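Here the structure comes first, spelled out in structure tokens, and everything after it is commentary.
Computed from a predicted structure; not experimentally measured.
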Amino acid sequence: MKRPSLLGGEPTFPDALPFARPTIEDPGAILENIETALRSGIVTNGSLVAELEGRAAEHFEVDHCVAVASCTLGLMLVIQALDPAGPVLVPSFTFSATAHAVAWNGKDVAFADCDPDSWVLRPQDVYGRPGLIVGVHVSGVPVDVSAMTAAAEALGAELMFDAAHGAGTLVTVDGVSRPLGGFGSAEVFSLTPTKVLSGAEGGLVTTNDPDLAATIRTARDYGNPGDYNTRFAGLNARLSELHAAVALASLDHLEDRVVWRNSVADRYRLSLGEVPGLAFQKVPQGCRASYKDFTILIDPDSFGASRDAVVTALAAEGIPTRPYYSPPVHRQTAYGHVASPPLPTTDRLAAQVISLPIWSHLPLEHAEQIANALAAIQREAAAVQAEVESG
């Protein structure tokens, strides 16, 4: 039986496994599109961007898709366009960019707690009189879009979604399975290298509101509608043709990638299901997560070692991890000035999270090996904890 590497055993991955790795199924097709763009002399806001917007709108089942240079910029421009009159409520258990987009607009941010099982914002987590609610589909596990829509309407608040992780996620609404993209005033997707749908960099804003789409198109080009008489203070948030070429190829394989990542997640859950002290993010019934991340919780009392000791022990096995999201945003230095109510679930999750390696071509046997290493660490948890503490 394997011993943890930290205690003298052989490392599971002597050369160290990457935490994430972009999947590129057909680099030749991407290079061909890039060469065409370069020869045309149009390398931003050209035909590839237009094609990406059209195909993405079709995939996400929305009327409009606007490609932007990053998800963060997309969030910033949507908030600017909506211009909420009251505070912007966001879950604290998210990446800091969700809150940064609020701060860059000069709006007050209000941090909310989240569901202890799915880790996403719920209607009962909403408080006060927000002018805008930003739901976040954490790791591709979706917010209850129907319930959150009703909650926002009852408060007279705008609603949008940070869907950075949401490409490939499916939700069931009125008995029909649908992709994310058409809920709230807008949803904003990320195209960074770690995402299931990737353009190397970039973002997509999806909406069924033609006026909002038109505003975002103007906003991504400095607020210039084409006559250089800027209507408002926009940004340079244009997506290049080069990134669009990568994203188009990625879109071709999105379904296969999500299916594979769900297989990896299933293998992790099956292999780790009997290990004491571990818990998993719950995917709501009738939904499919994209599994941008696969994150577990370590209960130190039941597991026998702290989260940080487990991270150290996994690193010794050549298995990198990430603490998504620790610290939570309301405890980060940038937001130390924001008064927040108690957020007990967020604080507990942040103290226990470990995201394990996952990518769209991660071999299932690697997931099995990672699980076996984690089980071995748990079997000798007391010795692992002592070794870490001794330095």
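- In this structure, the side chain of Ser139 does not engage the main chain of Val141 through any donor-acceptor pair within 3.5 Å.
- For the atom pair CG (Asp125) and OG1 (Thr345), the distance works out to 7.5 Å, reported to the nearest 0.5 Å.
- Using modelled atom types, one finds a donor on one side chain and an acceptor on the other under 3.5 Å when comparing Ser271 with Glu368.
- Contact check on Asp174 versus Arg178 returns no salt bridge, with no Lys/Arg side-chain nitrogen under 4.0 Å from an Asp/Glu carboxylate oxygen.
- More than 12 heavy atoms of other residues, nucleotides or ligands sit less than 6.0 Å from atom CZ of Phe19.
- Residue Glu365 qualifies as enclosed at atom CD: its count of foreign heavy atoms under 6.0 Å is above 12.
- Between Tyr325 and Val353, the closest side-chain pair of non-hydrogen atoms is not below 4.5 Å.
- No more than 12 heavy atoms of other residues, nucleotides or ligands sit less than 6.0 Å from atom CD of Glu58.
- Residues Ser340 and His330 bring no donor and acceptor atom of their side chains to less than 3.5 Å of each other.
- Between the side chains of Lys195 and Ser198, no donor N or O sits under 3.5 Å from an acceptor N or O.
- Using a 4.0 Å cut-off between charged nitrogen and carboxylate oxygen, Glu53 and Arg220 count as a salt-bridge pair.
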Please tabulate, for side-chain N and O atoms in residues 273-287, each donor-acceptor pair with protein atoms closer than 3.5 Å (sequence neighbours left out).
| residue | atom | partner | partner atom | Å |
| --- | --- | --- | --- | --- |
| Gln281 | NE2 | Ser118 | O | 2.9 |
| Gln281 | NE2 | Val138 | O | 3.2 |

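- Between Arg261 and Asp293 there is no salt bridge, since no side-chain nitrogen of the basic residue lies less than 4.0 Å from a carboxylate oxygen of the acidic one.
- Residue pairs satisfying the ring pair (Phe, Tyr, Trp, His ring centres under 6.0 Å) criterion with at least one member in residues 131-171, sequence neighbours excluded, are listed as follows: His137-Phe161.
- For the residue pair Arg257 and Ser250, a side-chain donor N or O sits within less than 3.5 Å of a side-chain acceptor on the partner.
- Residues His366 and Phe13 place their aromatic rings such that the two centres sit under 6.0 Å apart.
- Residues Phe189 and Phe60 place their aromatic rings such that the two centres sit under 6.0 Å apart.
- Within the 4.5 Å cutoff, the side chain of Asn224 has no heavy atoms near those of the Thr218 side chain.
- Dense packing is recorded around CG of Leu364, with more than 12 heavy atoms of other residues, nucleotides or ligands lying under 6.0 Å away.
- Here the shortest heavy-atom pairing between Ser146 and Val173 reads OG-CG1, 3.7 Å.
- The two residues Val49 and Glu241 come nearest to each other via the heavy atoms N-OE2, 2.9 Å.
- Between the side chains of Tyr291 and Asn262, no donor N or O sits under 3.5 Å from an acceptor N or O.
- Under the 4.0 Å criterion applied to side-chain N and carboxylate O atoms, Arg3 and Glu317 are not assigned as salt-bridge partners.
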Take Asp117 and Arg122 through the test salt bridge (charged side-chain N to carboxylate O under 4.0 Å, His left out) and record every step on the way to the result. CA-CA 11 Å; Asp117 297 319; Arg122 305 168 296 177; over 6 Å; no
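- Donor-acceptor pairing under 3.5 Å is recorded for the side chains of Asp162 and Thr98.
- With 3.5 Å as the limit, one finds a donor-acceptor pair spanning the side chains of Thr192 and Ser190.
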